[in-house]
Structures are given as C-alpha cells and as structure tokens.
Protein chains: 2
Amino acid sequence: MARASGCSVATVSRVLAGTRPVGPEIARRVREAAESLGYRPNQVARALRSRSTGTIGLVLPQITNPFFPSLVREVEHALHAEGRAVLLADCDDDPTIEAARITALLDRQVDALLVIPVDERHSRAAVAAAVAQVPLVLLDRGCGPGIADSVATDNTVGMTLVLDHLAATGRRRPCFIGAAGTDSAAVERLAAYEAGAGALDPEAPGRVELGDFSLEWGRAAVDRILPSRPDAVVCANDLIAVGALQRLRQLGVDVPGEIAVTGFDDIPMADLADPALTTVRQPVRELAAEAAHLLGHRLAEQKDGPRRSVRLAPELVVRASSAPRAASAPDPGTTRTAEEDQ
Amino acid sequence: MARASGCSVATVSRVLAGTRPVGPEIARRVREAAESLGYRPNQVARALRSRSTGTIGLVLPQITNPFFPSLVREVEHALHAEGRAVLLADCDDDPTIEAARITALLDRQVDALLVIPVDERHSRAAVAAAVAQVPLVLLDRGCGPGIADSVATDNTVGMTLVLDHLAATGRRRPCFIGAAGTDSAAVERLAAYEAGAGALDPEAPGRVELGDFSLEWGRAAVDRILPSRPDAVVCANDLIAVGALQRLRQLGVDVPGEIAVTGFDDIPMADLADPALTTVRQPVRELAAEAAHLLGHRLAEQKDGPRRSVRLAPELVVRASSAPRAASAPDPGTTRTAEEDQ
DNA sequence: GTGAAAGCGCTAACAC
DNA sequence: GTGTTAGCGCTTTCAC
C-alpha cells in the first residue's frame, strides 16, 4: 500500500485519517492506490494503537421484551451514524448474566457502555464497577441515585397526560393497575397517578392494585378492581393494559363504553389490540439520540464532568380504548395522536 | 504481570491460554498473580496477533420485525456460550444499508457473519462479496441458490402440518392469503399450500390471494377471499393472519365457528390475538444453535468444505382460531401444542 | 519446560 | 510536508 503510492506508511495513515495536512498531489495518489487495491484499514490494529475500538456495548435485560426492539434499532442507527459499532448483550433478565456480559464487553475494550439495567438494585454493583472503567450511560431505567449518566422518559409527564385526557373526556372514577417493583417506571408512574388522580375524584388515589408488568397480572387485576366500579383503568404499561382489555372483553364489559383503558410505552401490540389502546408513547428515537450524545460527550471531554440525568417528555397517543362514552367505539384502524388533538 | 509472577510474558500467555504444558508450581504462581492483580487479557491485542477477534457479525433486516427478537436472543446466547461476541447490524429493510453494514463489520475483522438477508435478490451481491472474505451463514431466509451455508425452517413441512390439522378438524374449503415476494418463505409456503390443499378440495389450490407479509394486506385480502365461502383461511404468516382476524371480527364472521384461521411463525402476538391464533412455530432455538454450529465448523475446518443447507422442521401450535366447529370457542387462555395432541 | 525476541497493522512521536 | 522509528499487548516461533 505504501509502496503502491510511492510514499511512506505514515503518509498513508495521515491521508486516510486526515490527522495532519498532506500535499494535494500525493494525497491524490494515495487515495487512488487505496481505491485500486481495495485497501481497507484494519480496525483492530488501529484500535490497539489508538486505544479506542469505536465499539459500544449495549446491555439490555431481554430483547424479547416488546419495548426494546425499537429502542435497540434507534440506538444502533444513532451509533452507526457516528461510525461506531454495537456489541449486543442480552441478559435474559438475570443480574448474574448481566454482570458477566458487562465483564465480557469490558474485556473486549468497548469504548463505552449503554446499559438498560435488569434491576434497580441488583444491577448496581456491576454497573458501578463498569463506570470506573469506561463512560457509561443508563438508558430507560435507573439504577440507584446518581451512579452514572442516564437518559429516560419522564414518567410523571406521561401519567399526567393520561389523567388530563381522561378528565377531558369525562371520566371521573379512575383506578390504577401498576407494578410493585422498585424500578423508576413502577415507582414514578404510581406516584404520578396518586398525585394526579385526586383531581378527578378524592377516592381515586386509593384505587390501586400492584403486581408486575405482565399480561397475566393485567388480567388478574381486573377482577380485583371491578368491584369499585371504575370508569377508567389506568395501567402502568401496555402489557398490563392488553391483559386488562382481554379480561374485560371476556367479562362482557364494554370498552370504552363502560370503562376506558390506557397503557404506557406504545409497544406495537397497543395499536393492534381491540379496541386499539390509548397509551403514552416513549420518545424512542430521541432517547437513543440523547444517549448517543451523552456517550460522545463523555468520550470527547474529560471523563470527570458532573453526572447528567436527562428526562424526555413522552407523547399521548389517543386510540379507541379511551373514546368518550357518548361516541360509539370508532373503527379500530383509526388512531389519533396527541398533536392531532391540538 | 510477568514481573509479579516472576517469570516471562511468554509463560504467562501459555498458562492463561493453555497452549503448551507449563510447570505446575509456576502455573499456580501465575494464576495467583492474575487473580490478585485483577488481570484481564486485552482481547484487541490478542485479536491482532492471532488474527481472530472472537466476534461474529449479525446482520438482520429490521429488529422491530416481531419474528426477529427471539431469534436474536437465541443467537446471542448460543454465540456467547462459545465465548464469542455479537456485533449487531440493523439494515432498516434496505439492501443499500445492508451492504454498508456488512462492509463495516468486515472492516472490524469479524470472524464470521450471520446474515438474515433483506431481499432474496438485492442482497445477493453484498452477501457473495462477504462470502469471499469470511465464513458466512444465511439464517432464516435464502439468498439465491447455494451461495453460502444456510439454516432455515422447512416451510413445506409447516404448511403440511397446517393442512393436515385443518383436514383432521373437518375443514373442507380452505383458501390461502400469501405474499407475492420471491423469498423462500413466500414461495415455499404458497407452493406447499397449492400442493397440499387439493387433498381437501380440488378447487382449493386456486383460492389464493397474494400481497405482502403485512397486517394491512391480511385485512384487505379477507374481502377478496370471502365471496368464495371458505371455511378456513390459511395465512402465510402471523401478521397476515392477525389482520385477517381483525377484519373478520369487524365483519361479524365467527372464528372459528364459521371460518378457521391459521398463521405461520408464532410471533408473540399470535397467542394474544382473539381468538388466539393457531400457527406454525419456527424452531428458533434450534435454528440459532445450528447456525452457531455451522459457523463453528467453518471456522475450525478448512474454509472450502461443501456448502451446507439445513432445514429444520417446525411445530404446529393449535389454538382457538382453528377449533373444530362442533365445540364452541374455548377459553382464549387455553392453548394446546402439537405434542399434546399426540 | 522456559525465556528472548519477532512481529500482527496501525498511529504518533520525532527528525528532516 | 514527509519519512523513520518505536511501540500498542499479545502469541508464537526459536533457542536453550
């Protein structure tokens, strides 16, 4: 390669990396030679020398969780646009596996880590250890206070959007089906419901059932919540909401005629449920972009800036499951977004 | 590290890699030193020297396609179990992006590539170019004849299972909603339907509507197929089937009372549809394991063995959407698998 | 069985 | 501006 262009390897390196100015004539020769020889620089050697692999580790609980694929997609695209590559680690929802995967990624000299922790508490040690070695940003879920940079959806805003919408469409007796976990999604969504539901009905903050983030729990919780005669079921995520929808249908309850149902996340299934589910759409692309930005910042600047915690506001997606009682349920194919409401 | 254990770097390398016999006493000292220093070998340097990164590129059309997350999960776990890591490349269903991603992975010196091609025809050039550089196995979808090793589900077996099941449960007027593409899934599933449906009804092979693999097409196709008064709608994948289910419900058609509906793939949504969808479950774990095995084979043996093409038989999952007409629709939560039928 | 030394392909000092 | 040279951290001959 150096021979072919009639100059030294150093010059070749400079032309390709653009590190230092090079004469226009010789630069052209180098580029031509690279072209005709089909030369591709070896990223491994480059990484060894420059101590930077251009590789980011993405650690997530379970790729089969329906909320993650779109997030992974956006992260992959955002990072690739910066010329970085993504090493994927699926943890099977197990903090032990998570710790092992993080170690494996660190051994491979990833430049940084993007972690969606499995568990608020049990992931902390592994994350803390990793933070000491490379820039790390927590995505979507927290992992203890101020342990690392983090990017997540603002759950409080989301829940407020839901409650405001229910109030505006005439619902007065909401209830909440949530999750008992200690993670930010469970805690913040519950807190926001309790804080906001009182405006609709002083009793509403008390109508709460806590289980986990599953379809099964959604189905089971309906039976426990129904005796309180709610006119709206606010669910902590879409899985719970779809489960609730299934059980309500089974019991012959009219949604949205008798009861409105809302979810959170806007997973693909939300649009396909019958009736289509009103929910809160997380700003997935922006979450990914912000995470990539934070990583870039940590990689460029000195490693010791103050911890940043970014919260992004979600968007309400109004669908059939919360249509006002006056109107009959519209065609399931029809959806309106928050913008269109304005 | 060499200093700490009082021997040479070569010996340290030998102990840790187990390449050559080392005296037991000194081996112990090395291991102790490694332990106490928290020594982790630098995989990048190792890769540069040994010309093997232990990294596999996984290239797929779109992680948001509901069939892929479980496949990605199994691939990741199978590969990680062998000490390899997965570089993920999402192609946004675009062959141009696919080609770019493949090049980027090759530049990073992946040991091999696992590719789910975007398009039977338009992915061929990029795949062929990659095959010349590293071991490559095609997963789930083909990409022209004999271009590389491949692992996929046996679509013919799957469709036969469906038709046999429909025959056994008393259906006599099946029809088919498929896709017009040239990919193996579209072609083989259609061919298998046409070959097998004649046994139920000589007219059946002619009752075919071809569109794409989408929910929307499933909805639209129902209107075109209904005039032929079918008692079973065989769909080329689950997305089509769920769309068909939605439209049939909208039209007030009783499923499975009047018409049975079947899908293909067993995506998560299949179990959640109402009624739950009878479908063909692809052997995802085995697909991933076989792909990993093939890769291992190519990496270990000489690169020029004969091309291998592995087809794995899928499994029928019987749910409510194809229940015999005599019985009323069972509880949506109840599912039976093919094994339980035997 | 163990150590010394030569590189893997590249980049970054340092001369010129 | 450009060439020369010394490594990045490891594995692997090759001597002993």
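These figures come from a predicted structure and were not determined experimentally. Quick note on labels: first sequence line is chain A, next is B, and so on, each numbered from 1.
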Atom-to-atom span, CZ of B/R3 to P of D/dG9 - whole angstrom: 13 Å

Interatomic distance where CG belongs to A/D107 and P belongs to D/dG9 [whole Å]: 15 Å

For nucleotides 14-16 of chain D, which of its nitrogen or oxygen atoms have a protein nitrogen or oxygen under 3.5 Å away, and what is each distance?
none

Nucleotide nearest A/Y39 when distance is taken to its side chain, options C/dC10, D/dG3, D/dT12: C/dC10

Spacing of A/R40 atom CZ relative to C/dC10 atom C1', expressed in whole Å: 15 Å

Close side-chain approach of B/N42 and A/Q109, heavy atoms under 4.5 Å: yes

Proximity to the side chain of B/V9 - top-ranked nucleotide from D/dG7, D/dG9, C/dA5: C/dA5

Heavy-atom side-chain contact between A/H80 and B/D90 under 4.5 Å: no

Check ion pair B/E35-B/R31 (N to O, under 4.0 angstrom): no

Close side-chain approach of A/R40 and B/T103, heavy atoms under 4.5 Å: yes

Contact check, side chains of A/T153 and A/L312, non-hydrogen atoms, under 4.5 Å: no

Selected nucleotide, minimal atom distance to B/A45 side chain, candidates D/dA6, C/dT2, D/dC10: D/dC10

Pairwise distance CG(B/D94) to OG(B/S123) - rounded to 0.5 angstrom: 9.5 Å

Selected nucleotide, minimal atom distance to A/T11 side chain, candidates C/dG3, D/dG3, D/dC10: D/dG3

Separation of atom CD in A/Q43 from atom C1' in C/dT11, rounded to whole Å: 13 Å

side-chain N/O B/S13 vs D/dC10 OP1/OP2, d < 4.0 Å: no

B/R49 vs B/I26, nearer the 5' end of DNA chain C by closest nucleotide: B/I26

Contact check, side chains of B/V131 and B/R307, non-hydrogen atoms, under 4.5 Å: yes

Side chain of B/A10 - closest among C/dG3, D/dG3, C/dG9: C/dG3

Steps toward side-chain contact (heavy atoms from CB on, under 4.5 Å) verdict (B/V115, B/E98): CA-CA 10 Å; B/V115 181; B/E98 184 179 50; 4.3 Å; yes

Verdict with supporting geometry, A/V110 and A/I56, side-chain contact (heavy atoms from CB on, under 4.5 Å): CA-CA 5 Å; A/V110 291; A/I56 307 290; 6.0 Å; no

Stepwise side-chain contact (heavy atoms from CB on, under 4.5 Å) test for A/E82 and A/L295: CA-CA 11 Å; A/E82 302 177 348; A/L295 276 188; over 6 Å; no

Length of the line joining A/R29:CZ and D/dG3:C1', which is rounded to integer Å: 14 Å

Proximal nucleotide (of C/dG3, C/dC10, D/dC8) relative to the A/R51 side chain: D/dC8

Listed nucleotide nearest any side-chain atom of B/P21, set D/dC10, D/dT2, C/dG1: C/dG1

Nearest to side-chain heavy atoms of A/R46, which nucleotide of C/dC8, C/dC10, D/dG3: C/dC10

Terminal helix-axis angle for the helix from C/dG1-D/dC16 to C/dC16-D/dG1, with five pairs defining each axis and rounding to 10 degrees: 40°

B/L48 side chain, from C-beta outward: closest of C/dT2, D/dG9, C/dC10: D/dG9

Presence of B/S8 side-chain N/O under 4.0 Å of C/dA4 phosphate oxygens OP1/OP2: no

Interatomic distance where CG belongs to B/L16 and C1' belongs to D/dG9 [whole Å]: 13 Å

